[in-house]
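Heads up, the thing below is written out as C-alpha cells.
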Amino acid sequence: MRVLVIGAGPAGTRCAERLAGRAAVTLVGAEAALPYDRVALGRVLSGEAGSAALITHDARRLRDLGIRYRAATRIVALDRDAGLARTAKGEAISFDRAVIATGSEAVRLKLPGADLPGVFVYRSMADVQAIRRAAAGGGRAAVIGGGLLGLEAAAALSATGMRVTVVHPLGWPMERQLDPAAGALLARQLGATRGLRFAMPAVTEAIEGEAHVTGVRLADGGRIDCDLVVMAVGVRPAVALAREAGLTVARGIVVDDVMRSSDPRILAIGECAEHRGQVCGLVAPARAMAEVAAATLVGDGARYAPRPDPAALKVSGIAVWSAGEVAPPDAEAVLLSDEEAGRYRRLWLRQGRLVGALLYGDTGDAPFYLDLIASGREVAPFRARLPFGAAYRDAA
Ligand SMILES: Cc1cc2nc3c(=O)[nH]c(=O)nc-3n(C[C@H](O)[C@H](O)[C@H](O)COP(=O)(O)OP(=O)(O)OC[C@H]3O[C@@H](n4cnc5c(N)ncnc54)[C@H](O)[C@@H]3O)c2cc1C
C-alpha cells in the first residue's frame, strides 16, 4: 500500500513514522526544512537555540525508517479517484491512501498597514528567521495578541534586547487559559522579570509606516512606536486542499473516530482535522490522531478519544498551567491563593467532579489534576483538601 502523508508537522511526521515498514510511505512538506519541533520555535526566536537544534528527523533517520521525504513540496490538488496528488511544481505523486496533515495557518489581521515590511506572523521556522533578522538591530517591538503564543514571542523578543509591548483586546492575557486574577499575576510577573509592557484592553486599529512599520495605532487613539510587529492572533485550519478535493469541511476537515474523512481513502489528522465538532490546537492531540490514523491504515484498529488539553506557558521561571474548562459559568470554583508565595490555584467543579484547573506559581500537581479531569472521578469526598494537591488527597 502506498501512503502519501501531506504535511510534515508533528502529526504528519508521527503518522509516517508509525506507518514505516508497514506501507510505502511518502511524506511531503511545504516547508523547506527537515521536520522540526514547532513547539520549541521560541528558543530559536530568543537566540537560545539555532534552527538545526530543532530538527526532529534528519535525512538519515527518515531514510533508515524507509520514509521517502520531500521538503519544499506543496500539494495543490488531489484527484481522489485516480489516486494522484499534484505538487506546486506540477509533478504527480500517486497513492493508494492519503493522510492530510496540513495543520493551521496563522491569522493575519486585515488592518491598514498589515502588509508593511516589518509585520510578521509567528508560525514557522521561516517566520522566526525573518523576525530574527528584523530584530537584529534591537529597538521596539509590538506583539498583537496576548495569548500563549503572543506572550512567548514577546518574552523571546525581549531576550534579544528589544523593548516589547503586548497589545491585547481583553483586560488580562491568556484569557482562554487564565481567569482575570491569574492573568493579572502573570502580566505583573512578565513586566517585572522580562520588562514586557501591556496595552490592555486595547484594540489595534492600524499599523503605521511608509516604507516600513513605525508604529501601531490603537482604537482609543493611542499609538505605540515600534520597529517590528508580530501578529499572534490565532490560527485557522489549513483546509483549502481538502475543500478543493470535495471532502467535507466544516471548520476543519471532518473526520470520524478512526480519522477517516468523508472519503474513506483519505484521512485527516492534527490541527487541520475536525473531530466531533472540535479542532485541536496542541501537539499532543495532533500526535494522538496520527497514531490512530496509522493504526486505521494498517488495520490495527484504534479510536481517537480526546482528552482535556492542558496548556502551559513556556517562559522560563514562570509556571502557569491550565486544563479543562476555565471559569465555566455553571461550575463551582474552589480557590487557593497565597500571594506572598506567588501561588494561586483555582479549580472548577460540577456535580462533584473536577472539570477545570488553573495553577499559577507551582504547577507540580498538574498531572494529578489532569488525571482527575480526564477520569471524571468523584472528588466530593476530599473536596476540602483538593486545592492542596496530590500529597493532601489522602491526608486525614
Ligand atoms: C511558536 C509555537 C509554539 C507552540 N507551542 C506549543 C506548546 O507549547 N504546546 C503545544 O501543545 N502546542 C504548541 N504549539 C502548537 C503546535 O505546534 C501545533 O499544535 C502542532 O504543530 C500541530 O501539528 P500539525 O502537524 O497538525 O500541524 P503543523 O505543525 O501546522 O504542520 C503542518 C505542516 O503541513 C505543511 N503543509 C500545509 N499545507 C501543505 C500542503 N498543501 N502540502 C504540503 N505541506 C503542507 C505546513 O507547511 C506545515 O509544515 C505551538 C505552535 C507554535 C507556532
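Counting starts at 1 for both ligands and their atoms, following the listed order.
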Using the rule given for side chain to side chain contact (heavy atoms under 4.5 Å, CB included), can you reason through Ser51 versus Arg43, listing the C-alpha separation, both sets of side-chain angles and the distance that settles it, and then say yes or no? CA-CA 9 Å; Ser51 47; Arg43 296 177 55 220; over 6 Å; no
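For the residue pair His212 and Asp227, no side-chain donor N or O sits within less than 3.5 Å of a side-chain acceptor on the partner. Judged purely by distance below 3.5 Å, without hydrogens or angles, the side chains of Arg70 and Thr26 never pair a donor atom with an acceptor atom.
For Ala30, a nitrogen or oxygen atom sits less than 3.5 Å from a nitrogen or oxygen atom of ligand 1, counting backbone and side chain alike. Taking only nitrogen or oxygen atoms, main chain and side chain alike, Ala286 does not reach within less than 3.5 Å of ligand 1.
One finds no salt bridge joining Asp127 and Arg38 here, because no Lys/Arg side-chain nitrogen approaches an Asp/Glu carboxylate oxygen to under 4.0 Å. Remark: Glu332 does not engage Arg350 in a salt bridge, criterion side-chain N to carboxylate O under 4.0 Å.
The heavy atom nearest to atom 38 (N) of ligand 1, considering only Val239, Thr102, Val5, is found in Thr102. Nearest residue to atom 52 (C) of ligand 1 from Val235, Leu149, Asp127 is Leu149 (criterion: closest heavy atom).
At the shortest separation from atom 30 (O) of ligand 1 among protein heavy atoms lies Arg123 NH2, 2.7 Å. The nearest heavy-atom contact from the protein to atom 20 (C) of ligand 1 is Pro10 CG, 3.7 Å. Nearest non-hydrogen protein atom to atom 5 (N) of ligand 1 is Lys314 NZ, 2.9 Å. The closest protein non-hydrogen atom to atom 26 (O) of ligand 1 is Glu271 N, 2.9 Å.
A continuous path of hydrophobic side-chain contacts links Met1 to Leu65 [ILVMFWY only; heavy atoms under 4.5 Å].
Near Gly281, the atoms of ligand 1 lying under 4.0 angstrom from a non-hydrogen atom of the residue are 15 (C), 19 (O).
Counting heavy atoms closer than 4.0 Å to ligand 1, residue Cys280 contributes nothing at all. By the criterion of a heavy-atom distance under 4.0 Å, neither the backbone nor the side chain of Ala238 is placed next to ligand 1.
Every heavy atom of Gly42 sits 4.0 Å or more from the atoms of ligand 1. Using a 4.0 Å cutoff on heavy atoms, Thr73 counts as a contact of ligand 1.
In this structure, CG on Leu149 lies 8.0 Å from CZ on Arg123, to the nearest 0.5 angstrom.
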